[in-house]
Enquirer: 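Provided herewith is a single structure, encoded as structure tokens, for subsequent inquiry.
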Amino acid sequence: MASSPPYTYIQCPCSNEEPAEGSDASSPESDSFHDAERTFDPRAPRSNYSLYPLEYLLYCEECQQIRCPRCVDEEIVTYYCPNCLFEVASSNLRSDGNRCTRNCYQCPICSGPVQVGEVQAEPETNLLSADNATAAPHGPYALFCQYCSWVSSEIGLEFERASGIPSQLAKMKNGGIPRITAKELKERRKEDPDMPPLEDELVDAELQYSALRSFYQSQINGPSNGLPGGLSLGDGHNFSSPAALTRMMSMWQPGGRGAQGKTAGPPDVFPEATDTDKGLKLAQLDESAKVQKLLNGGWNETVSKDQLLGQLEHAHFQDELRPLQCVLRTKRSRRCAVCRHIISKPENKVASTRFKIKLVAKSYIPSISIRPLEPRAPPVPVGMRPQQPQEPPLKPLQPYQYILTFKNPLFEKLKVTLATPNNTPGRFSSKVALLCPQFDIDPVKDMWEDALDGDDRSRTEETGQAEAGKIYKRGRNWVSIILEVIPPLLSVDSLRPHTASGEPTDRSPLREDEKILEIPMFVRMEWEPEAQHDVGDRVGKDRNEGQKRELAYWCVLGVGQISHE
Amino acid sequence: MSSSAGFAAAHRSVASIRSGPSQGPSTPSRSISSTFGSPSTIRADDDIIVIELGSRLLRVGFAGDPVPKATLQCGPDEQRRVGDFRAWLDPTKTPGQAWSSEYELWRYDLSKVELGLVHDKLDRLMREAFSKFLLIDSKPRRMALVADPSLPLPLLSTVLDTAFGRFQAPMVSLLSPATMSAVAAGVRSALVIDIGWSETVVTSVYEYREVKTTRSVRAGKYFNNELYRKVLHPLIAEDQGKEANTVSEKSHGQENPTKEKMDRDRAVDVENEKDHRLSFDESEDIMRRLAWCRPTNRTSQRTSAQLETVEEQDENEAEAGSTTTPGADRTAHVPLQSSTPPKTIDVPFERIADVCGDVFFEPSMNLAHFDDHELPIHLLAYRHLAELPVDVRAICMSRVIFIGGCSNILGLKQRVIDETTSIIETKGWEPASGKAVDQLSNNSKLKWKPTKTPHLEQDRDEEDGLFSEQANDFDQFERGFMRPRKKDPPVQGHIRALHSVGPWTGASLACQLKIPAMATIDRELWLQQGVNGASRPNDVDVKAQQRQSMGAGGLIRGSGGQHTNWTLGKWGAI
């Protein structure tokens, strides 16, 4: 599934613990039994959510368990802007809407970063003023995209000052039309109480929202800060029953409401919003102008899906797009969800990429690498070395042999037991054989120590060729074994009409992922903590005597592409 | 009351009592903290996370924000393994079998939905929203879920499991999108027309209660499939077939209804087609970007459609638009990447409008040809209104709210309103129609006349008695609230469309104002009892529950929480 095989994915054990289906939690015992028996199918749609490359996994030392991003609790260390790398205090977050307020904007067209620049009025004047550039008055500023050369003046956004773009932008609609904020409206109304309500076209979502909010709030808080309309105690959004209504009535005795009560009698349910100031907005049904715009402008005038998803409000045409304020990012520390121990904690400083604590799984479980026994790809030239050699696709129904190398990161001897199904799950199943499913890997040791130890044992055991039950090659802290596969014929017509359980076979055409040969493999490792050679620590040794630790998990080996011609 | 998101106001009444008697001029009652409150309280007073669950997307944000912080979709690229960067390495998508089902979060037909997968998808989307856009850690937070009340129970249960399990929300309230849209439009009653992806749902909300819901499959998915089948597929295939395709397609308007019917069934096959000519992404993009809808031919009705605003529109332009829209014969050059070979096709705008009209209105067909699940939108709205009690109808018809992704199709809202108005004007609210009715009304011997007045003011006196039984529920209520408003009668009796900021915003507003939801589920109770522990809405002492939940932001629950009843409200109705 990754871009190109070979690769290894590891399934986090947490995905087996949760109930498979929300509804059938009736028989947990039989379920877990089933789980243990069942072969993991890497192509099942749910597997995509539980498989991780080894680099993404953490390890909890207390629980002795692999931890994936789904089974850790996160705590935020710092908030920062990815563009200007400024740290943002958490108290400003809410008012800034989780976005950077330091002129960090993204292009609405291509999402590249934009820069504030001066709009050059006329090329001629520029030439003239080249001698004394400082003397020239600074013209309006705009946002320039460095990637797609989009300029915000295209949509009429020009700024008086180069700093404080967010506050300037907040007061401006596309096309340079001033945007009325709720605060402004309030002030205007204060100055001129008889001002007619705004026209509906000028009311945007934010303004309508704040109008609605203040309207509802004034209703809820009653007449103390009520509107000039003298709305009576407008509580009770909804009285759910007549009984509740009477209860409310008895609560609000007419006398209790004092001098302010303008109307006597039972309290009213508050009325609906009746004008723009209260948040009512009629729908703009007449869209003929927009239709004309669409017909004239065609495809390129409209907004693509990716552009739209970045926007906060709905936009249909390119010139309705707003520059995007950069969303802040966070540095997070991670805790094991079970035992609450911290398993990863980055340094506070934004620019630092170091971690105070980081228990990565790579230093606790063996890494697995795959390479063909007889590589068919030409070696990569030295100049292009980091590149992986691309193996040609595997021919169906031909045996291939691969070298699996396990590398032990621990200071203890590791006993590894492997298991694979003989036939991989799925519609097209390949035949798999592990020639040596059980072996020991020596611990990480000093090179010197290794040399002193003598390597009589390893020499006798390894064969250097594919032989059943024997290790292919052994090194200081690694072991290679041979994996044999026979890829299937990828043709829907060759499938048997019925599966073993009698259901008709899925005859839908070949899916993208079925072309890749993936093998589920169950890895079980066993080790004794505090290895024997640690002579100094006798007490520790006694304590851990005979205490074996084990860890078991499924992993997926992506072996290669199968040719399907 | 069987309402879903009916709010009751226990806590607010308490607040008012407190301030009520001692109300001097100097003691203003405590107002609810605004967004821009003191910074020290930020994130400390627990934010409620509002989640709107659509069949295609998830909107997530904090209560109190006017717009959601994140809108996330769930396509195949979002479903890949962690560390699989194929989507970025090779952005050109190959078309194949993958069609809409891969892009949906869930669908109503549960036989084709793997609940575990829905759980995984939701989990990933919410995690992404929380960590990338909301910037919050894994502290438990209260959630408000805006979801269709007809969400199947197993699915709802999965969603709640996700919220309670992985995200450890102490409480989840369920809110209905229709009611929330009404809140976000500032009205108490509304006719909410939700033209979404899988269905068009018409819901009448009366006094924040959902009265009736009707549905039709004429929505985004259907439109997309039709557009692909009738326009895009022939255009791409044109290399071989040349003009032949277009000609045959052009004539389809005159085809007889039964053939058309079969035609429609074929649209379903688009879903299962083995080899699509272009990727779903691009097909959907074309639909979203280029779709437009012709105005109705009957411009005369326009004035009654919109009394307030449209009066001042340019009459000439409207007249011109009614017959032919200038420029409609143009084509759009659409560059395709997923077709083999990649090429640019010229999509005629006229054809798009044809398909759009056919999908949503189907003007060429008789009423009798529609099944119950596939009524055109205007008919759906009309029938819905006609079946409502007269009071409810009067109020709702002048509060029409459009929500849903496909309501953004240019010109669609206008057309729905126009068509609905024209049906009302020609037919009135007479449920029966057809030849016999015409004969009866033409028969001069019988002095019988169908009530042809759409305006309520005249209707009311005659029909009140008739409907009193159905309207009884509302009457009691209404009497209480109509009385003091005599001078300012509510707008009613004519079609009027309102703009709503949207269900998400409505929910955000409701949560910020701390309006308790009818269906509020406590984590402990859910984990103990699961979906089977829910009682019927009527058995729940809402007041008691709310009184309890008010303590310390609802985080610390009373110890008596164990034996309170809780309900899923309308979501739990079987």
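Each chain gets a letter, A, B and so on, in the order the sequences are listed, and its residues count up from 1. Note that these values count all heavy atoms, side chains included, but never hydrogens, waters or copies made by symmetry.
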Enquirer: Among Arg289(B), Arg399(B), Lys413(B), which residue forms the greatest number of heavy-atom pairs with chain A at distances under 4.5 Å?
Expert: Arg289(B)
Enquirer: Is Asp137(B) salt-bridged to Arg332(A), going by a charged N under 4.0 Å from an acidic O?
Expert: no
Enquirer: State whether Asp120(B) and Arg124(B) are salt-bridged, where the test is any N-O pair (Lys NZ or Arg NE/NH1/NH2 against Asp/Glu carboxylate O) under 4.0 Å.
Expert: no
Enquirer: Which atoms of Tyr56(A) are under 4.5 Å from chain B, going by heavy atoms: the side chain, the backbone, both sets, or neither?
Expert: side chain
Enquirer: Without swapping roles, check the side chain of Arg80(B) against the backbone of Phe85(B) for a donor-acceptor pair under 3.5 Å.
Expert: no
Enquirer: So for Arg330(B), is it side chain, backbone, both, or neither that comes closer than 4.5 Å to the heavy atoms of chain A?
Expert: side chain
Enquirer: Tyr216(A) vs Ile515(B), test: side chain to side chain contact (heavy atoms under 4.5 Å, CB included). Steps then yes/no.
Expert: CA-CA 11 Å; Tyr216(A) 283 133; Ile515(B) 294 166; over 6 Å; no
Enquirer: If I compare all heavy atoms of Val327(A) with all of Pro82(A), which pair ends up nearest, and what's the gap?
Expert: O-CD, 3.3 Å
Enquirer: What part of Ser508(B) lies closer than 4.5 angstrom to a heavy atom of chain A: side chain, backbone, both or neither?
Expert: both
Enquirer: Pick whichever of Ala184(B), Gly506(B), Ala332(B), Gly530(B) has the most heavy-atom pairs under 4.5 Å with chain A.
Expert: Ala184(B)
Enquirer: Is it the side chain or the backbone of Arg415(B) that comes within 4.5 Å of chain A heavy atoms, both, or neither?
Expert: neither
Enquirer: Which one, Leu57(B), Ile286(B), Leu72(B), leads in non-hydrogen pairs under 4.5 Å with chain A?
Expert: Ile286(B)
Enquirer: Check each atom of Leu156(B) against the heavy atoms of chain A and say whether the ones under 4.5 Å are side chain, backbone, both or neither.
Expert: neither
Enquirer: I'd like to verify something: which residue of Val303(A), Leu312(A), Thr330(A) has the highest number of heavy-atom pairs under 4.5 Å with chain B?
Expert: Val303(A)
Enquirer: Heavy atoms only, distances under 4.5 angstrom: which of Arg335(A), Lys305(A), Arg329(A) has the most pairs with chain B? Name it, please.
Expert: Lys305(A)
Enquirer: Got more than 12 heavy atoms from elsewhere within 6.0 Å of NZ, Lys132(B)?
Expert: no
Enquirer: Against chain A, label Leu155(B) side chain, backbone, both or neither, depending on which of its atoms sit under 4.5 Å from a heavy atom there.
Expert: neither
Enquirer: Has Trp299(A) got a side-chain atom pairing as donor or acceptor with Pro335(B)'s backbone, closer than 3.5 angstrom?
Expert: no
Enquirer: Given 3.5 Å as the limit, does a donor-acceptor pair link the side chain of Asp73(A) with the main chain of Ser138(B), or not?
Expert: no
Enquirer: For Val501(B), which atoms come within 4.5 Å of any heavy atom of chain A: side chain, backbone, both, or neither?
Expert: both
Enquirer: Taking Ala337(A), Gly279(A), Gly97(A) one by one, which has the highest count of heavy-atom pairs under 4.5 Å against chain B?
Expert: Gly97(A)
Enquirer: Based on non-hydrogen pairs under 4.5 Å, which of Ala70(B), Gly411(B), Gly502(B) is most in contact with chain A?
Expert: Gly411(B)
Enquirer: Under a 3.5 Å cutoff, is there a donor and acceptor pairing between the side chains of Arg288(B) and Asn408(B)?
Expert: no
Enquirer: So which of Val400(B), Asp285(B), Val82(B), Thr162(B) has the biggest tally of heavy-atom pairs under 4.5 Å with chain A?
Expert: Val82(B)
Enquirer: Parallel, tilted or perpendicular: which fits the ring planes of His314(A) and His316(A), with parallel below 30° and perpendicular above 60°?
Expert: tilted
Enquirer: Using a cut-off of under 4.5 Å on heavy-atom pairs, state which of Pro53(A), Gly310(A), Cys68(A), Ser50(A) scores highest against chain B.
Expert: Pro53(A)
Enquirer: Heavy-atom pairs under 4.5 Å with chain A are the metric here; pick the option from Asp123(B), Leu290(B), Leu160(B) that has the most.
Expert: Leu290(B)
Enquirer: Might you work through the salt bridge (charged side-chain N to carboxylate O under 4.0 Å, His left out) test for Arg94(A) and Asp65(B), ending with a clear yes or no?
Expert: CA-CA 10 Å; Arg94(A) 189 72 201 250; Asp65(B) 286 348; 3.7 Å; yes
Enquirer: Please check if the side chain of Gln318(A) supplies one atom and the backbone of Thr302(A) the other of a donor-acceptor pair under 3.5 Å.
Expert: yes
Enquirer: I need the residue from Pro45(A), Ala89(A), Ala205(A) with the largest number of non-hydrogen atom pairs under 4.5 Å to chain B.
Expert: Pro45(A)
Enquirer: Of the backbone (N, CA, C, O) and the side chain (C-beta and beyond), which part of Glu206(A) lies under 4.5 Å from a heavy atom of chain B, both, or neither?
Expert: both
